[in-house]
Amino acid sequence: VQDAAERPLPLPGTCSYLALPLATPLWAVLLVAHTEAAPRGFTRRCLTIGDRLAAAATELLRIGLTREDVQRARFAVR
């Protein structure tokens, strides 16, 4: 969790952000932010929801990568 005043992002209007790592081997990050439209920090509820979003995103990315691998293998056999 970061206060954007201390470590700003190159996104205008961001007041706080949360970087959630996605499970390996994806080497990806899910970034969520609060903007000046509704400035605030992240609550425990936000962190719980963020963890669930990261878990769901991890599974979706794994499915997508698996599909790409299968498609690549299908075309390699031809």
Side-chain angles (χ1 to χ4, degrees):
V1 177
Q2 297 291 339
D3 178 352
E6 292 177 17
R7 297 183 114 180
L9 289 176
L11 302 169
T14 300
C15 62
S16 61
Y17 60 92
L18 175 63
L20 299 159
L22 301 184
T24 55
L26 300 174
W27 303 100
V29 174
L30 175 66
L31 182 69
V32 292
H34 289 300
T35 66
E36 293 170 351
R40 61 192 177 279
F42 289 92
T43 64
R44 284 191 180 137
R45 183 175 183 217
C46 291
L47 297 175
T48 299
I49 292 169
D51 287 341
R52 290 178 183 168
L53 283 170
T58 296
E59 291 309 310
L60 290 172
L61 286 171
R62 282 189 180 146
I63 290 167
L65 290 172
T66 300
R67 285 182 179 175
E68 285 182 358
D69 289 344
V70 168
Q71 189 172 23
R72 219 176 291 121
R74 275 184 37 211
F75 287 120
V77 172
R78 291 180 180 187

Subject >> Over all atoms of both residues, closest heavy-atom pair of Thr58 and Ala23 >> reply: OG1-N, 3.3 Å

**OP:** Any pair with a residue in residues 63-73 that passes salt bridge (Lys or Arg N to Asp or Glu O under 4.0 Å), sequence neighbours left out, goes on the list, sorted by first then second residue, please.
**Re:** Glu68-Arg72, Asp69-Arg72

Original post:
In Å, rounded to the nearest 0.5 Å, how long is the span from OG1 of Thr48 to CG of Leu53?
Top reply: 11.0 Å

Going by atom type alone, with no hydrogens or angles, which donor-acceptor pairs under 3.5 Å involve a side-chain atom of residues 14-21 and a protein atom two or more places apart or on another chain?
unit_1	atom_1	unit_2	atom_2	d
Thr14	OG1	Leu11	O	3.0
Ser16	OG	Arg40	O	2.6
Tyr17	OH	Arg7	O	2.9

Subject >> Single-linkage hydrophobic cluster, 4.5 Å side-chain cutoff, Leu31 and Leu60 together >> reply: no

Subject >> Joint cluster assignment, Val32 & Ile49, ILVMFWY side-chain distance < 4.5 Å >> reply: yes

Subject >> Non-hydrogen atoms of Pro8 and Ala5 that approach each other most closely >> reply: CD-O, 4.3 Å

**OP:** Determine which pairs satisfy ring pair (Phe, Tyr, Trp, His ring centres under 6.0 Å) with at least one residue from residues 38-78, sequence neighbours left out, and list them in order.
**Re:** His34-Phe42

